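Here you go, one structure.
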Amino acid sequence: MKRVYNLSEYCVGCGLCEVHCATIHSEYPDNIWKAYRLADKRPMSRLFVERNATSSLSVQCRQCDEPACVYACITGAITKKSETGLVSIDEDKCVGCSTCLIACPYGLIKIDPYQKVSLKCDMCKDIAQTPVCVTRCPNEALVCREEEI
Amino acid sequence: MAVSWRMPEYKINRDKDRCIDCQVCVNQCANDVHTWDEDLNRVVSDESLCVNCHRCIVYCPTRALNIEKWPTAFKDNANWDSGAIKQLYAQAESGGILLTGMGNDRPYPVYWDNLLLNASQVTNPSIDPLREPIEIKTFLGRKPARFDPSSDEFPPQMELDIPVLFSAMSFGSVSLNVHKSLARAASELNVFWNTGEGGLHRDLFEYAANTVVQVASGRFGVDAEMLARAAAVEIKIGQGAKPGIGGHLPGEKVGNEVSRTRMIPPGTDAISPAPHHDIYSIEDLRQLIFSLKEATEYSKPVMVKVAAVHNIAAIASGIARAGADVIAIDGFRGGSGATPLRIRDNVGIPIEFALAAVDTRLREEKIRNQVSLVAAGSIRNSADVVKAIALGADAVYIGTAALLALGCHLCQKCYTGKCNWGIATQNPRLVSRLNPEIGSRHLVNLLRAWEHEIKEMLGGMGINALESLRGNRLMLRGIGLNEKELQIMGIKAAGE
Amino acid sequence: MREGQIRIPSGCAISGIINRRGHGFSGSAIINSIALMHERSNGMGGGFAAYGIYPGYAEYYALHIFFESESVKAEMEKNLYASFQIHLAEEIPTRKSRKFKDAPIIWRYFATPLPAALERYDGDEEEFMARFVLRVNSTLRGAYIFSSGKNMGAFKAVGYPEDVGEFYRLDEYKGYLWTAHGRFPTNTPGWWGGAHPFALLDWSVVHNGEISSYDANRRYLEMFDYVCSLQTDTEVITYLFDLLLRKHGLSLRDAILVVAPPLWSRLEELEKNERERIQNLRIVYAGALLNGPFSIILATGNGLLALNDRLKLRSLVAAEDNEYLYVASEEAAIRVVANPQKLWFPAGGEAVLGLLYGKESLYTGGRCFDGGKLENAGI
Amino acid sequence: MKYLIIGNSAAAIGAVEGIRSQDTDGEIIIVAGENFHTYSRPLISYLMAGKIDRNKMYYRPRDFYRRHQVQFYAGEKAVRIIPREKSVHIAPSNLNLDYDRLLITAGGTPVRPSALEGNYDNLLYFHSWDDMTELSARLKSDHPSRIVVVGGGLIGLKAAESLKLRRQQVTVIEAGSYLLNSVMDAEGAEIIADYLTARGIEIMVNNPVVRVEGDTVINHLFLQNGRRIDCDLVILAAGVKPNLNCLEGAGLDSENGILVNQSMQSSLSDIYAAGDIAQVYDESEQEYRLMPILPEAYRQGRTAGLNMAGGNFLHQGQVFNSIPLLGLNIASAGTNSVTDTDLEIIQRRDGQYNYRRLTLQNQVLKGFIMIGDLNRCGILRSLIQQQTDVSAIKNRLLENDFGLLDIQKLGKHDQGREGPFCQ
């Protein structure tokens, strides 16, 4: 299946992926400024940017073939679609128990402090052709491609 | 401690209304201008550290930032302008030589802009590059004075599909990703890139066919392997940005890779002496040229690069007679990663004059057709290339133009090692900012664009082969030049 | 203003006829041919080159000279007698005509260089002749040697070519090879020396076009001691062929590959050695490539060569009728004097060679080079 | 192939999904004690608190059984297992269902402390959807002024939370020395106690109930320290024990639960067990462990299913918990007991309710406790499971910006590709 990969040697740690991810998942998907300034809550990205002295990394859900989060979910809100391979959270069903946060071996699920539901990368499904973090990465450090592991 | 009289150079305007405190600027500024203030719970900026590199402005997703000159003015003074005053303050505080980066930025005339090109009207047809082939392939190297049908010996040539080479920039002064970008672009375009004095990193061996390796006064990284992995060898005598001055790569830039490539211990300063200590006169140069030819079994052209100085015509003629196959002349606008400000701004002569004088002299000496001439020192666009070739160059070197294509914003702070564009730095976090994929793509785009423009200009002149433009000074006219300047460049005035 | 002080772009008509058996025929044919292209000239220059017209003096150099005044003529003749043995000196016969009121004094001298004069050129007669002509033309104001070959002569003037032929009574000459030129200069040269053909030794060139590589060619030639006093394309073309064929001894084929080289892309089709050979030729003689539009007829005592620029930006037609070969700017200019079995339009860079039977090379000098297989000369 | 599954919770669902991933047309039969489409037990506190409605209780979509071709017997209990006939007798329908592979996921039943023996009308459990419905009804009918929750474990505290959110007076009584003692350490429990107390839940620890007063209803509870507590309603949440009744005479090896190997196979080859009822062999600890939590149940069930359908998968059990209590996130994983001596504890506490405590044994992470910010805790959990030597990054484990870049230092993680970290 298609996954987002990080060429960390070219990640500049700018965090634009976070900004665009947060925006496109906000009430104002096409306007960064409105997303951050008009929305009553600060928009949340669904990915993680890590930085240290020598490098940085932008990571999002790996869409595992053996998804620990799906197995751990107590409500059945997290499912892996057999057709697309996409692991997605039904935010309507999620009760924010955080069990998936512990389950995810990469620690790539976060809790929306406002909605109290789990947030994870949805590959911009139904929003964009290619995940926005990939298209907006200023240094092409994120790529979206089929890759057999 | 006494208060510093120096004011910030720039003023940063952050549009509070547009800023969304995403901290992208904080993450991108290597000079720590922008920081997140826990107490104020927003991003704040300290202008005194700003070098105006535009990284934050380009990256700001809401265009909340802009930078202007620090508005405070000195009393108007045509003699003591603000630059002169600030430089004096700086030296009064530091007691040191003023360093700077990139090329001469003083308002000397740019003679390219005083030259106008010709085009065909009626009496002969201009040629449409979209319909007719226009050839700009160029060969650099020694040429026999006459063709000998009986012999199949022929001196080695560098073949360029576009008459442009990337200037020498050493690994150390620039990042490995710059070299990767240049090398990839050079091989895709079939032109050449130049290692500069830092040696050739092993990752770039595969680009040998398009690599010029440099032998300079420090002899860093020079060994049999390096010579073997190149298409040509360049002896660097001088550089337009600092004629008569050596180089100095501070120890903190000498990391493991640089040390390995330069063949010096990590962390040690890399000092290139002003002269080659085995070249104190022209006959010494001849010896080095021929020892390099011996070492490469006469299979690779040997280039000699000199800065454009007052007596350049005689010097170039001497270099030709010393056996150089290609002579590269670097005008006083040539760039540098670090050079003393006073030298950069006051030493050398314009490439336009140097080139014209050398071409004329070599023709008087009847040897122009036997050596190749490469002009360097701020070639800014395809028109400069065409004008340089009409004045007599075979090809041109571009350095600053190439760096701009890689993202350089000419802030002239290369020597600090904190290049926010990942170019003039060895800091891994910063180096990663230049993705060679993008870098080489931009370089290829740039030269392809120039290629189209060069062909348009040639076609307009009714010329379909670059060699017919070389030294074809009738295609040039001068504007706003005095008799002497016209005479030096060997061209007529517009209207003549 | 006169030729040499400014560069004057021109449009032109050219024509050439050779009897390859070397049988002489009257100049009327060439006059008729060039006359037909009247519209291609504007009365500001016309001329002819004729070969085989002085059989009686074939071993002497025939110097045709314009003089602006008797005094210059006297000075010139001093020079001449200093270096030459003069076998015959006479005014060139002309028909009086209102069309040529301001005609200069026109004389011809049949001469042999004195041995003493040749010493400095260690016996190389041609080198001496070439230098002598170039020196006179660039230094002696008011005198101009416009023809200097053996058993040939150039005849030119400011006027329509057919009138020039009439004026010089060319119908009365018999030659085996004739070329003609009608000129359409954009300015008034006002000087007979500026008319074409341009001739040096037994080289003559008529040319139609404007060489965009002119200054590159000129500056290249200057490195080989050529002085381009006329600033005309014809002049540099003549010198280029002189350099390539006479001085550097290239084969005609190689010379053509130099002035009108095949495109780099075409070279890729060739096998390695040939490719490298042609590539090296072009690399060495980059300064000799003729660029921009041109069609030329280059003639020597051995025959003629007609050539187009490699993009064929000027018209050129060729035809064959038994031992006759015709080349001209227009098909009609051939059909008006002949009814050839074969007529064709040479491609850009493709040479048309018409040598006397038995001759191998265009170059008539002592050294002999391979004739060069012309079929694929232009590739 | 005929698969029979006793039970209808996470383990059973895991088994169905496991089987179907291998065998699309084998026959699957589920015998469910409760009359419900499969639902999630932990959710009853959310339903109780009114955070979700009934429709959100279900663990799988409505069409789950149909899509997985499962034959479903609701309201039936397995009364006897007859391995020799390869059949199971169920009641009340009194049918004999035969099987090729049997999976027992009968779950557990609440423990009842001796002091609370006897039938009391106001003594309720908080174990099943029915229990919760009953409790909810009582709140409406009896308007209790004070409710006592006996048991300060996961279920007890979730019950207390939900009651609090229903604006009830709640007292939690824990016999052990501190709350959540199965997964917490004393300091962590202290923090939680403070937090809950501050939000109006009365907490009493280290104080078992010794006797009760009242005939049909409990009026007072008496604690060890002699204190008397009045109550209108008592909720029993003192833990769960496996439901072994149906095993009479089946001849399966069992201790507290059915003993199964890492393939989830019981002592009888065609019979498997998973979930709260199973006591799974843990090779790292070299002992059989009960791991009565939902994520475990599902994974055990799935492994069982895969193996029943002919697969060969080994289960590696791991206990981890996450319970938000009145907005405070509480998480734990692995073993955090301080019994062993050679354990190394590193911890960090910032602010009143932010606490991180890691247990290491010779440079390998054994367990963690986290209160407050749970950011990236999954990576730690995974480190525990991988039994990786973390000495290289020990000083980073407690940092807020700990992440995959640190893991790269262990040569573990490859540029965010799915790799060594996924089971």
Side-chain angles (χ1 to χ4, degrees), chain A residues 5-59 113 132-145, chain B residues 15-30 32 34 36 41-43 53-65 175-178 180-181 203 255-257 406-407 419-423 425-442:
Chain A
Y5 296 97
N6 182 305
L7 316 173
S8 65
E9 64 265 48
Y10 302 130
C11 175
V12 302
C14 61
L16 280 172
C17 46
E18 278 177 310
V19 173
H20 289 290
C21 177
T23 300
I24 205 164
H25 290 95
S26 75
E27 304 163 41
Y28 302 94
D30 47 16
N31 187 316
I32 296 171
W33 186 88
K34 285 184 179 175
Y36 278 79
R37 288 308 205 78
L38 298 190
D40 43 13
K41 64 187 180 71
R42 191 170 178 83
M44 296 270 300
S45 80
R46 280 144 168 76
L47 52 79
F48 291 78
V49 174
E50 300 180 11
R51 303 176 182 89
N52 66 21
T54 56
S55 56
S56 58
L57 185 68
S58 165
V59 274
V132 68
C133 55
V134 173
T135 52
R136 294 307 195 95
C137 177
N139 206 34
E140 295 177 15
L142 290 172
V143 294
C144 181
R145 58 168 181 253
Chain B
D15 184 329
K16 293 263 183 322
D17 183 44
R18 287 178 170 219
C19 179
I20 55 170
D21 290 309
C22 63
Q23 299 184 53
V24 168
C25 51
V26 177
N27 296 323
Q28 290 308 286
C29 186
D32 305 317
H34 308 289
W36 175 257
N41 196 33
R42 60 177 172 83
V43 178
C53 73
H54 295 185
R55 181 77 179 184
C56 55
I57 293 175
V58 170
Y59 269 61
C60 176
T62 57
R63 297 269 171 274
L65 291 167
S175 66
L176 185 57
N177 283 345
V178 171
K180 286 180 177 171
S181 306
D203 289 1
N256 291 342
E257 290 305 307
L406 295 178
C419 177
N420 267 325
W421 296 93
I423 295 169
T425 177
Q426 299 301 321
N427 170 338
R429 273 292 295 275
L430 298 177
V431 169
S432 70
R433 295 179 177 190
L434 175 56
N435 179 345
E437 277 298 320
I438 303 174
S440 52
R441 194 191 312 145
H442 283 184

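For clarity, every value in this text was computed on a predicted model and none was experimentally measured. Residue numbers begin at 1 in each chain, while the letters A, B, ... track the order of the sequences.
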I'd like a table of the N/O donor-acceptor pairs between chain A and chain B - cut-off under 3.5 Å, distance only.
from	atom 1	to	atom 2	distance (Å)
A/C11	O	B/S432	OG	3.2
A/V12	O	B/Q28	NE2	3.1
A/C14	O	B/N27	ND2	3.1
A/W33	NE1	B/D17	O	2.6
A/R37	NE	B/C19	O	3.4
A/R37	NH1	B/D17	O	3.4
A/R37	NH2	B/K16	O	2.6
A/R37	NH2	B/D17	O	3.2
A/R37	NH2	B/C19	O	3.1
A/R42	NH1	B/I20	O	3.3
A/R42	NH2	B/I20	O	2.9
A/R42	NH2	B/D21	O	3.2
A/N52	O	B/R429	NH1	2.7
A/N139	O	B/N435	ND2	3.0
A/N139	ND2	B/S432	O	2.9
A/E140	OE1	B/R441	NH2	2.7
A/E140	OE2	B/R441	NH1	3.1
A/E140	OE2	B/R441	NH2	3.2

Could you look at B/C25 and say if it's the side chain, the backbone, both or neither that has a heavy atom under 4.5 Å from chain A?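 Neither part.
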Portion of A/A53 that has a non-hydrogen atom of chain B nearer than 4.5 angstrom: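 The backbone, not the side chain.
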If you count heavy-atom pairs under 4.5 Å with chain B, which of A/V49, A/L16, A/I32 comes out on top? A/L16
For B/L434, is it the side chain, the backbone, both, or neither that has a heavy atom closer than 4.5 Å to a heavy atom of chain A?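 B/L434 touches chain A through backbone heavy atoms alone.
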Heavy atoms only: give me the nearest B/C22-A/V19 pair and the separation to one decimal.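 Residues B/C22 and A/V19, closest heavy atoms: CB-CG2, 3.5 Å.
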